[in-house]
Novice: 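I am attaching a structure below and will ask some questions about it afterwards.
In what follows, every chain begins at residue 1, and chains take the letters A, B, ... in the order their sequences are listed. Only heavy atoms go into these numbers, but all of them, side chains included; no hydrogens, no water, no symmetry mates.
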Amino acid sequence: MRVRFAPSPTGYLHVGGLRTALYNWLLARQSGGTFILRIEDTDRTRFVADAEEDIVDSLEWAGLDVDEGPETGSYRQSERTALYDAALARLLEEGNAYIAFDTPEEIEQMRSRLATDTNPNPRYDWSTRSHMKNSLTLGTDEVALRRERGDPFVVRLRVEPGAEVLFTDIVRGDVRFRTDDVDDQVLMKSDGLPTYHLANVVDDHDMRISHVIRGEEWLSSVPKHVLLYQALGWETPRMAHLPLILSPTGGKLSKRNADKQGIPVFVREYREAGYEPSALLNYLALLGWHPESEQEVFSLEGLVDTFSLDRVGPSGVQFDMDKLAWFNGQHIRMRSPEEIAKSQMEALKKAYGDVDEERAVQAARLMHERMAIASDLVGFEYLFKAPSDWDEAGVRKRWKDDSARLVQTYRDALMDVQEWTAEQLEETLRRVTGQHDVGAGRLIHPVRLAVSGVSHGPGLFDLLVYLGRDAVCERLERAVNALG
RNA sequence: GCCGCGUUCGUCUAGGGGUCCAGGACGCCGGCCUCUCACGCCGGUAACACGGGUUCAAAUCCCGUACGCGGUACCA
């Protein structure tokens with residue numbers, strides 16, 4: 001099995017693109033096949049300089065390793081023009097393509113001239129090409145003259161009406177189009193570069209791609225591709241068109257649309273936000289695919305073992321940040337505190353100056369169950385510095401009239417604790433509350449508030465152990481003074 | 001407009017003629033655990049788009065309608 005992920009460097013890698021890459025990669029890995037990265041950079045007007053780098057980095061971050069790609073050979077379409085030119089020459093020679101000199105303005109004029117209510121958008125096709133300036137209408141002398149003169153031209157696929165193109169999509173089953181509805185697609189633009197349709201067919205053939213797995217937006221152009229394969233006498237690869245990822249309000253998950261929903265569209269944004277790549281992948285895998293069992297949480301390896309194209313559904317799917325967050329929580333709990341801490345060292349240092357890695361690991365251990373995302377670790381300020389103030393609502397609820405006295409008593413008692421362990425700290429606390437004839441909670445809550453500034457968090461005694469005697473006593477002291 | 005693809009809880013989905021007064025997951029709502037918050041566990045809420053057929057029997061097959069999405073570029 002040879003599959004490819006073929007993004008165009010017109011922007012950063014999109015989450016939808018990552019899912020397409022994932023499905024391709026999964027199939028390659030489980031079949032012992034080859035995963036190819038091909039850069040479709042035939043549109044010079046929309047080229048984004050750092051897009052390819054982002055695509056490569058994002059795939060690497062996700063753990064989808066590339067077997068063949070720009071790093072290993074000529075896998076950028078801009079480097080493969082000789083191949084397209086050869087295909088073009090053959091199509092032209094055999095009458096399956098023709099040259100057209102119409103300027104964009106002239107085509108526009110044709111469209112507005114021919115537009116009617118029932119056909120508001122006339123195509124350049126079998127029914128209109130006889131009114132246009134092309135090698136089918138112009139006569140050989142005129143064509144030769146224009147070419148000599150250097151008139152700009154494009155090459156178009158010659159699609160004749162009256163036939164049917166039928167193909168079997170792995171996800172959707174049999175799909176058929178009439179050639180009457182297929183336009184004479186431009187194969188080579190006037191800048192000499194091929195369009196996607198030509199380059200894609202030539203490359204898939206040349207790279208011996210066995211399965212084309214891509215988004216549903218390509219389904220309508222399949223007939224053009226099939227016609228090209230036929231004209232070139234090549235075998236058509238198997239195809240699977242994946243359901244599109246939609247925004248929660250419906251419609252394509254475009255940058256604009258998604259931003260409004262608070263959904264990042266670029267993979268790099270998930271990386272920057274601190275998501276677990278395995279969680280993103282897990283979520284994306286389930287977006288359109290369902291395993292035979294009811295298992296939902298998968299490692300990447302688990303997906304390799306379980307994934308199959310015939311359990312991919314055909315209908316569009318809405319992106320759900322809440323569910324992604326849940327997957328992230330599942331995956332973060334599968335990782336060790338050591339790994340989590342390590343991944344956050346840079347951010348920690350940025351926020352708090354020099355942070356000891358072992359210290360960060362302890363913090364991660366403490367907060368493991370409470371993190372939705374690894375970057376949350378940085379947000380637990382009180383683990384790395386004393387609170388500067390105390391949550392107002394928390395104070396109102398937990399800081400009673402006797403709190404200062406109790407906390408002060410506990411603080412004094414802590415000075416005498418032999419071993420700074422959770423057991424001893426708890427024992428000490430219960431002794432204090434016992435002496436004052438109040439419940440333990442009466443002291444636990446104020447102490448937590450005093451040392452952390454907030455009224456929620458890890459088990460109090462684990463927290464005190466983590467903070468250490470000096471910090472705890474100092475924080476208790478400050479709180480008593482401030483809160484009275 | 002035309003062409004194509006789709007339509008089961010709010011969302012992701014299971015299901016492919018009887019085992020489905022439709023199962024799981026997220027979310028939401030209760031509860032348990034508990035020093036808080038999380039985690040975890042238990043329970044609840046909620047769906048076969050509509051109309052015709054076919055059949056003893058339809059969420060499942062067929063047709064139509066509606067709706068959604070994609071395409072309709074010298075963009076991919």
Side-chain angles (χ1 to χ4, degrees), chain A residues 6-11 40-43 45-46 100 102-104 107-108 111 115-124 152-156 169 171-173 175-178 180-183 185-197 199-200 214-223 241 243-244 246 248 250-252 283 286-297 311 313-327 329 333 367-372 394 397-398 426 429 439-445 447-449 452 454-461:
Chain A
S8 108
T10 51
E40 310 229 328
D41 56 348
T42 53
D43 185 352
T45 61
R46 293 201 305 156
D102 318 270
T103 63
I107 294 174
E108 200 33 62
R111 283 198 229 275
T116 62
D117 283 350
T118 52
N119 183 15
N121 202 8
R123 285 185 293 261
Y124 198 123
F153 66 93
V154 301
V155 175
R156 286 181 180 271
D169 185 272
V171 172
R172 283 148 224 286
V175 180
R176 67 182 71 224
F177 288 82
R178 279 175 299 280
D180 307 52
D181 299 320
V182 179
D183 67 328
Q185 179 63 48
V186 170
L187 300 176
M188 187 200 84
K189 298 172 279 176
S190 55
D191 64 4
L193 288 176
T195 57
Y196 171 84
H197 302 93
N200 155 262
R214 79 247 279 191
E216 195 192 346
E217 71 265 33
W218 295 110
L219 194 62
S220 325
S221 24
V222 171
H241 288 87
L244 256 23
L246 310 172
K252 225 174 174 174
Y283 173 65
L286 271 304
L287 215 50
W289 169 78
H290 195 272
E292 279 184 59
S293 73
E294 284 186 335
Q295 184 181 349
E296 305 246 20
V297 178
R311 292 191 66 85
S315 34
V317 290
Q318 294 187 18
F319 198 91
D320 180 358
M321 283 302 277
D322 285 343
K323 191 144 189 182
L324 203 215
W326 178 78
F327 275 108
R333 260 151 244 131
M367 305 310 289
H368 204 184
E369 312 263 275
R370 265 155 279 257
M371 281 189 259
K397 184 164 181 206
R398 302 296 192 186
E426 177 161 9
L429 182 137
R442 192 74 168 208
L443 183 48
I444 286 173
H445 296 299
V447 170
R448 185 199 325 282
L449 189 62
S452 72
V454 293
S455 48
H456 50 83
L460 179 66
F461 305 107

Novice: Tell me: CZ of A:R214 to C1' of B:rG4, nearest whole Å?
Specialist: 14 Å
Novice: Is the shortest side-chain heavy-atom distance between A:P152 and A:D191 below 4.5 Å?
Specialist: no
Novice: Using only side-chain N and O atoms of A:R448, determine if any of them is under 4.0 Å from OP1 or OP2 of B:rU34.
Specialist: no
Novice: Provide, to the nearest angstrom, the distance between the NZ atom belonging to A:K189 and the P atom belonging to B:rA73.
Specialist: 16 Å
Novice: Taking 4.0 Å as the cut-off, does a side-chain nitrogen or oxygen of A:S455 come that near to OP1 or OP2 on B:rC37?
Specialist: no
Novice: Is A:N121 close enough to B:rA73 that one of its side-chain N or O atoms is under 4.0 Å from OP1 or OP2 there?
Specialist: yes
Novice: Roughly, in whole Å, what's the span from CZ in A:F327 to P in B:rG27?
Specialist: 10 Å
Novice: Is the shortest side-chain heavy-atom distance between A:K397 and A:H445 below 4.5 Å?
Specialist: no
Novice: Using a cut-off of strictly less than 4.0 Å, decide whether A:K252 has a side-chain nitrogen or oxygen near OP1 or OP2 of B:rG71.
Specialist: yes
Novice: Is A:L460 touching bases, backbone alone, or none of the nucleic acid, heavy atoms closer than 4.0 Å?
Specialist: base
Novice: Does the plane of the ring in A:W218 sit parallel, tilted or perpendicular to the ring in A:H197? Use 30° and 60° as the thresholds.
Specialist: perpendicular
Novice: Give A:P314 one of three labels, base, sugar-phosphate or nothing, depending on what nucleic acid heavy atoms sit under 4.0 Å from its own.
Specialist: sugar-phosphate
Novice: At less than 3.5 Å, do the side-chain atoms of A:R172 and the base atoms of B:rC5 form a donor-acceptor pair?
Specialist: no
Novice: May I ask you to evaluate whether A:K397 reaches the phosphate of B:rC35, defined as a side-chain N or O under 4.0 Å from OP1 or OP2?
Specialist: no
Novice: Output yes when a side-chain donor or acceptor of A:D102 lies under 3.5 Å from a complementary backbone atom of A:I107, and no otherwise.
Specialist: no
Novice: Produce the list of close N/O pairs, under 3.5 Å, pairing protein atoms with atoms of nucleotides 38-41 of chain B; give distances to one decimal.
Specialist:
unit_1: B:rA38; atom_1: O2'; unit_2: A:E369; atom_2: O; d: 2.6
unit_1: B:rC39; atom_1: O2'; unit_2: A:E369; atom_2: OE1; d: 3.2
unit_1: B:rG40; atom_1: OP1; unit_2: A:Q330; atom_2: NE2; d: 3.2

Novice: Within the structure provided, determine whether A:W326 and A:V297 are in side-chain contact (heavy-atom separation under 4.5 Å).
Specialist: yes
